[in-house]
Amino acid sequence: MKKILTLIGILLISTSASAAQKYEVGLGTNHGGVLGGSISTDLSENTEIFAGLGLTAGDGVGFVIGSKLWLNDNIRLIGNYGYNCTVKTTTIGSTTTTSYKDYMGLNIGAGYSFGGKDSSGVSVDLMLTNQSDCRKAASQKSKTAIKIALGYRF
């Protein structure tokens, strides 16, 4: 975890002097948790990297690091690694204990930014998330792997 955060910091600091940065806040996996924010830095005219932190459903802090490939001014393809889900477990014995565990994984998807790549506006992303660890931990088969991320880009 420390190595990933160090890498994120080095990448953002090293490119911040020469590349445009955009900020995004919102809900969903592209924002590091249930609610969070991210910073995007341009690598080229149509590619940017991003990193974010967010609050998870388990009262923890999640992260996300990834890349966005802009097909045109509004449509983007997204690949990232970060927060996927939180699983609640309850142990019943002499005392009842409840614990939460956050799971990370790979996510891919596509999105639409209503304001465009270089303008402020609402963004909507449809993400396919890796739910295998979440399903194993929760002993569920029906948990959907398709998630929606909503944000505001400025």
Side-chain angles (χ1 to χ4, degrees), residues 1-88 100-135 137-138 140 142-154:
M1 175 77 164
K2 288 181 183 179
K3 291 180 183 179
I4 291 174
L5 293 176
T6 303
L7 178 62
I8 292 169
I10 291 170
L11 287 173
L12 291 177
I13 290 170
S14 66
T15 58
S16 64
S18 62
Q21 289 186 334
K22 288 291 187 178
Y23 305 93
E24 200 166 323
V25 294
L27 307 167
T29 59
N30 290 341
H31 306 289
V34 176
L35 175 65
S38 63
I39 300 172
S40 298
T41 301
D42 288 343
L43 287 180
S44 67
E45 185 178 321
N46 63 346
T47 306
E48 60 188 31
I49 59 170
F50 68 97
L53 293 173
L55 301 174
T56 66
D59 296 330
V61 176
F63 72 92
V64 64
I65 181 169
S67 178
K68 297 174 186 170
L69 174 65
W70 290 86
L71 301 178
N72 61 31
D73 192 45
N74 298 95
I75 299 172
R76 59 192 183 183
L77 298 177
I78 304 162
N80 66 47
Y81 178 84
Y83 172 77
N84 278 351
C85 71
T86 300
V87 175
K88 175 183 174 182
Y100 298 91
K101 180 160 177 155
D102 296 329
Y103 289 91
M104 308 294 169
L106 293 173
N107 310 304
I108 57 171
Y112 188 85
S113 178
F114 290 93
K117 180 182 184 289
D118 297 320
S119 300
S120 298
V122 174
S123 62
V124 178
D125 303 310
L126 188 62
M127 302 298 295
L128 176 62
T129 62
N130 179 357
Q131 295 285 307
S132 58
D133 290 338
C134 303
R135 288 181 182 147
Q140 294 179 350
S142 62
K143 195 164 195 154
T144 181
I146 303 291
K147 305 282 184 181
I148 294 177
L150 299 171
Y152 187 82
R153 185 174 173 89
F154 54 95

Pair L128-I146, side-chain contact (heavy atoms from CB on, under 4.5 Å): steps then yes or no: CA-CA 5 Å; L128 176 62; I146 303 291; 3.7 Å; yes
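- Between M127 and N30 the shortest side-chain heavy-atom distance falls below 4.5 Å.
- When side chains are defined from C-beta on, Y103 does not count as touching Y83, because their heavy atoms never get closer than 4.5 Å.
- The side-chain tip of K22 does not point at the ring of F154 from less than 6.0 angstrom away and within 45° of straight on.
- Between the side chain of S113 and the backbone N or O of K117, no donor-acceptor pair lies under 3.5 Å.
- Closest non-hydrogen pair, D42 versus E48, comes out as OD1-OE1, 3.3 Å.
- Closest approach of S67 to T47, counting heavy atoms only: OG-CG2, 3.9 Å.
- Residue I148 places its CD1 atom among 12 or fewer non-hydrogen atoms of other residues, nucleotides or ligands, all under 6.0 Å distant.
- Proximity of N84 to N130: side-chain heavy atoms (C-beta onward) are separated by under 4.5 Å at one or more points.
- Distance CG/D133 to CZ/R135: 11.0 Å, rounded to 0.5 Å.
- Of the possible polar contacts, none joining the R76 side chain to the Y112 backbone as a donor-acceptor pair under 3.5 Å is found.
- Side-chain contact check for R153 versus F114: every heavy-atom pair is 4.5 Å or farther apart.
- A salt bridge does not link D125 with K147: none of the charged nitrogens is closer than 4.0 Å to a carboxylate oxygen.
- For the atom pair OG (S123) and CG (N74), the distance works out to 11.0 Å, reported to the nearest 0.5 Å.
- Here the side chains of S120 and Y152 are in contact, with some heavy-atom distance below 4.5 Å.
- We find that E24 and K68 are joined by a salt bridge, their nearest charged nitrogen and carboxylate oxygen being less than 4.0 Å apart.
- Considering all non-hydrogen atoms of both residues, C85 and Q131 come closest at CB-OE1, 4.1 Å.
- In this structure, CD1 on I49 lies 5.0 Å from CG on L43, to the nearest 0.5 angstrom.
- Taking the side chain as every heavy atom from C-beta outward, T56 and Y100 never approach each other to under 4.5 Å.
- The CG atom of L27 sits 11.0 Å away from the CG atom of L55 when rounded to the nearest 0.5 Å.
- Of all heavy-atom pairs spanning H31 and G26, the tightest one is CD2-C, 3.6 Å.
- Atom CG of L77 has more than 12 heavy atoms from other residues, nucleotides or ligands within 6.0 Å.
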